[in-house]
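Lettering follows sequence order; numbering is per chain, from 1.
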Amino acid sequence: MIDTKLPLSLTDNPILSQWIAFNEPGRVRVGSGKVEIGQGILTALTQIAAEELDLGVEQVNLVSGQTDVSPAEGFTSGSYSIAVGGASIRLVCAEVRALFLDRLAETLKCPVAELSVANGKFLRNGKGTGRDYWSMAVEIDLERRASGTAPVKKPSSYRIVGKHLPRLDLPAKISGKGFVHDMAPNGVLHARVLRQPWRGAHLAALDEAAVRKAAQAPIDILREGEFVAFTSADETAIMRAAEAARTLAKWDGGAPVPDDAGTPDWLKRQSARSRTVETGVQTPAQGNRVVEASFSRPFLTYSSIGTACALAEWKDGHLNVWSHTQGPAVLRDWLARALKLEARQVTVIHTHGAGAYGHNTADDAAFDASFLAMRHPGRTIRVQWSREDEFLGAPISTAMAIDLRAVLDADNKPADWTIEIWSPPHAQRPGMNGNANFSSETALPNPLPMNPLGDVPDERGGGATRNAVAIYDLPRHRLVHHLLPEVPIRTSSLRGLGAWANVYAIEMFIDELAELAGEDPIAYRLSLLSDPRPRRVVETAAKISGWFDKPKLPEGTARGFGFARYKNIAAFAAVVVEAEVAEDIRLKRIWCAADAGLVISPDGARNQVEGGIIMGASFVMREQVKFAGGRVANSTWDDYPILRFSDIPDIDIELIDNPNEPALGLGEASVGPTGAAIGNAVARALGKRIRDLPLTRERIVATLMAD
Amino acid sequence: MSELHFIVNGKSVRVETDGSKPLLSVLRDDLNLRGTHFGCGTEQCGACMVLIDGKPAHSCSREAQTVAGHSITTVEGLSQNGALSPLQQAFLDEQAGQCGYCLSGILISASALLAANPAPTRAEVIAALDPHLCRCGIHNRVIRAVQKAGAAMAGAPR
């Protein structure tokens, strides 16, 4: 069944003409507020539109993230793009097709059932009528509210959705084209901004003469408050200037971050807003076994291979901004607010960037460029961040501490389960909590007032509490959430938010309970899963990996398992990892079974699942943002290693065919289960569980040495 | 400012520029070849990889004047007369991309590998591409694409 209740994007943009226009012969413009961030969404949304309108894919002109044309759909995040954006386009296109056919039936005085559409042309009993979308467009009023009631196609009749369509944006990209970084209009003025090392830092001294000397070419220096920008027609000059300034600048005041920030002890010491959510019925205590374990994850950074870039131009009272933001309409609104403009004076044009895996510096670069454009009317300003600034100034995915406690019943099943989480918020994107959240905005004089921080609400999937509630049959569940809202770090969203750490903790803990019960980890999980749908995913992963064949593995090599349903409402993923563990972890092979309901673009889905596996492995094996001297201590890829070609094993993915279930968000589903499966494989190989991440060589050695 | 001479993508070019600038800046800003990308500026990610006299080399921190007179190939030089090279075609066939930002550099290193070794093993492809970082996780697709391109080029009439 495809859900026909109006999705959020459609209630926010209820008028059909906000989505669709027949303004170009032979092509249909379909708008989307969801944007391409490397996940292939443009291709998948094009497939949905072409399917419901009965067009060829080349007849769809998908206009994405252009705020003067496209619907406003918040952020492209949380694996909502297919489930919400795609569902909206499906309903709109079905309704528009029905409006045209109803009108044609009236004109031809025939039943609608005799009419059909092929490549945008209308047929009656399979024969041409001489009419098509474009010739009839004047007769159809699209300035009306979408009802969401037009019947959508049955998945069994799909000819485009669920079939392979090569990525529409890939041909340009394998020729090195198509990125905002590559825009170079005539007369462009390049700019770089000196980043504050910590929140509220005051620039006590900057030797401007030394900066100008380092630039080796004329540059302009703009200083307002704690904001410093270097501009020049020569990008190399401002790169040199910014690099010199980073070393020369002397900062004081503000809130430098202590070196131990992110450790469980530090987290548990911070001031908290706490709440408890209890479900189920407490059974009388029977003096049964109690199991407890404490887990933690460090701060991480999103780290795209390309640094943030934006262009902006202020001309005739209008600001045009080219940005790889994940939320073009939100960016427009908050640029306007921060720059004291009306939203209608700002147009954001989404332009492709390097992959976005969460709240990165794209919006910050857009603000830098926009602010400077208004100081240089008529000039196009181009800002591209340095790699060092990416580490220093990017939003940070927050550290978390997670304690688990289970009281086991006589059958060694959890009768009473508690998860307790300490975490700063996972979302400080533009507009969240009513704050602009642009890095440079707070450095300027008279910044917008800062509202108190909250986390992503549970009804939007939660931040720290995302996937905190284990998917298993638990008769009584207690969630204690300590939100740490006063941590002076711009903590924000990275792929999965709190989900992957919670899944790591829960799935490691379940393995521990299985071991206490003397049961196989997968068999134990199945005994706690009554719902057939997740059972099938778990069983499929066991089958494709030959888990129950109990293969003989060499000394030091072991397999681990991890499972979750992302946000407990999106796609299911079960992962088996085989790893060799000596002082370091060597991934040997990975298997993943996933159920995302109806899959729009099968190859794109597999690509996302595999990317999530590799990122999830990288998170738990390597990554950690550290602090020293009040600021982020990582400044190069040497200090912040991620997985590389030589670390990647063969990966087998089985997508469970489930076309009659709604399409479920998939992009983040495999991240958590992969990390957990690695943790469990390491535990089995070492005979010891490592509960604090990352699983670095130092930590493995320390674990082996302890006792 | 000085006049530098290079052979870029097979064409002789002269450019009046600051020879101490990184080669990457000369390619992107002076020669408007913007397919080679900036990633880190410290030779750690491979986004800026070009061929210098046929060998993969980072362009982000190498002074342009140190390679004056040499032959440089960028991603723009991989396609011939606007047609994709067999290597690029293999990347399309395998859909070896997500965001695509790292691909220009990866394609450059892969082209050098295949020129020297048309039938690389998985381990050889990995060794050649290990200087490159990819954050989206397309590694396995890239490895398959490079091996298939090698096979396709070996089978093509010479």
Side-chain angles (χ1 to χ4, degrees), chain A residues 36-40 164 166-167 169-179 181-184 216-217 234-236 239 243 302-307 352-357 384 386-388 603-604 607-608 610-615 618 636-638 642-651, chain B residues 17-18 20-22 25-26 28-29 32-42 44-47 74-76 78-79 84 87-89 91-93 95-107 122-123 125-143:
Chain A
E36 183 65 50
I37 52 174
Q39 83 286 42
H164 180 55
R167 277 272 296 270
D169 54 331
L170 205 51
K173 289 173 177 173
I174 55 156
S175 305
K177 290 185 227 150
F179 298 97
H181 306 74
D182 303 336
M183 292 175 62
Q216 298 175 45
D234 177 355
E235 191 183 11
T236 308
M239 287 166 79
E243 194 179 329
Y302 73 93
S303 55
S304 297
I305 302 306
T307 60
H352 295 197
Y357 319 101
Q384 182 169 4
S386 68
R387 174 58 52 194
E388 294 83 349
D603 186 67
N607 207 344
Q608 281 300 298
E610 182 151 335
I613 288 170
I614 292 171
M615 187 169 276
S618 189
T636 70
W637 290 112
D638 274 350
I642 61 173
L643 289 195
R644 346 177 42 102
F645 272 93
S646 48
D647 298 310
I648 309 300
D650 277 326
I651 298 173
Chain B
T17 191
D18 165 6
S20 70
K21 279 181 15 177
S25 301
V26 172
R28 286 178 60 85
D29 297 338
N32 201 30
L33 291 168
R34 299 186 70 83
T36 308
H37 291 134
F38 175 87
C40 66
T42 49
Q44 291 181 320
C45 75
T74 68
V75 67
E76 289 89 349
L78 293 182
S79 52
L84 294 179
L87 178 62
Q88 288 168 310
Q89 186 59 50
F91 272 62
L92 270 193
D93 293 346
Q95 292 286 288
Q98 282 190 31
C99 82
Y101 194 86
C102 64
L103 287 179
S104 338
I106 287 176
L107 285 159
R122 181 179 166 95
V125 177
I126 286 172
L129 298 184
D130 220 34
H132 294 271
L133 294 180
C134 155
R135 187 59 158 158
C136 296
I138 57 161
H139 309 73
N140 281 325
R141 286 170 181 252
V142 166
I143 295 165

Is any side-chain heavy atom of [X] closer than 4.5 Å to a side-chain heavy atom of [Y]?
X	Y	value
B/P22	A/T236	yes
A/L170	B/L103	yes
B/L84	A/S175	yes
B/R135	A/M615	yes
A/R387	B/T42	no
B/C40	A/W637	yes
B/H37	A/D182	yes

Report the distance from atom [atom1] of [X] to atom [atom2] of [Y], rounding to the nearest 0.5 Å.
X	Y	atom1	atom2	value
A/T636	B/Q44	OG1	CD	4.0 Å
B/L107	A/I174	CG	CD1	7.0 Å
B/E76	A/K177	CD	NZ	8.0 Å

Please flag which part of [X] lies under 4.5 Å from any non-hydrogen atom of chain A: side chain, backbone, both or neither.
X	value
B/D18	side chain
B/L33	neither
B/S20	both
B/L78	neither
B/A96	backbone
B/L87	neither
B/V125	neither
B/I126	both

Donor-acceptor contact present, side-chain A/E235 to main-chain B/S25, <3.5 Å: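 Flag not set: sc A/E235 to bb B/S25 has no pair under 3.5 Å.
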B/D29, B/I106, B/V75: which one forms the most heavy-atom pairs within less than 4.5 Å of chain A?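 Option with the top pair count is B/V75.
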Which atoms of [X] approach chain B - backbone, side chain, both or neither, heavy atom under 4.5 Å:
X	result
A/Y357	side chain
A/P649	backbone
A/L643	backbone
A/E243	neither
A/D650	both
A/M239	side chain
A/H181	both

Minimal non-hydrogen separation, [X] against [Y], with atom names:
X	Y	result
B/H132	A/F645	O-CD1, 3.6 Å
B/A47	A/I305	CB-CG2, 4.2 Å
A/K173	B/C99	CD-O, 3.3 Å
A/R644	B/H139	C-CD2, 4.1 Å
B/C136	A/G355	SG-CA, 4.4 Å
A/S386	B/F38	CA-CE2, 4.5 Å

Shorter than 4.5 Å, heavy atoms on both sides: which option in A/A184, A/G178, A/G40, A/A356 has the most such pairs with chain B?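 Most heavy-atom pairs under 4.5 Å with chain B: A/A184.
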Largest heavy-atom contact set with chain B, pairs under 4.5 Å, which of A/I37, A/D603, A/D234, A/T307: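 Sorted descending by pairs with chain B, the first entry is A/D603.
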Please determine whether side chain to side chain contact (heavy atoms under 4.5 Å, CB included) holds for the pair A/M183 and B/R34, giving the CA-CA distance in whole Å, both sets of side-chain angles, and the decisive distance to 0.1 Å. CA-CA 8 Å; A/M183 292 175 62; B/R34 299 186 70 83; over 6 Å; no
Regarding B/N140 and A/E610, do their side chains bring together a donor and an acceptor under 3.5 Å, going by distance alone?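 Looking only at side-chain atoms, A/E610 and B/N140 do form a donor-acceptor pair, the distance falling under 3.5 Å.
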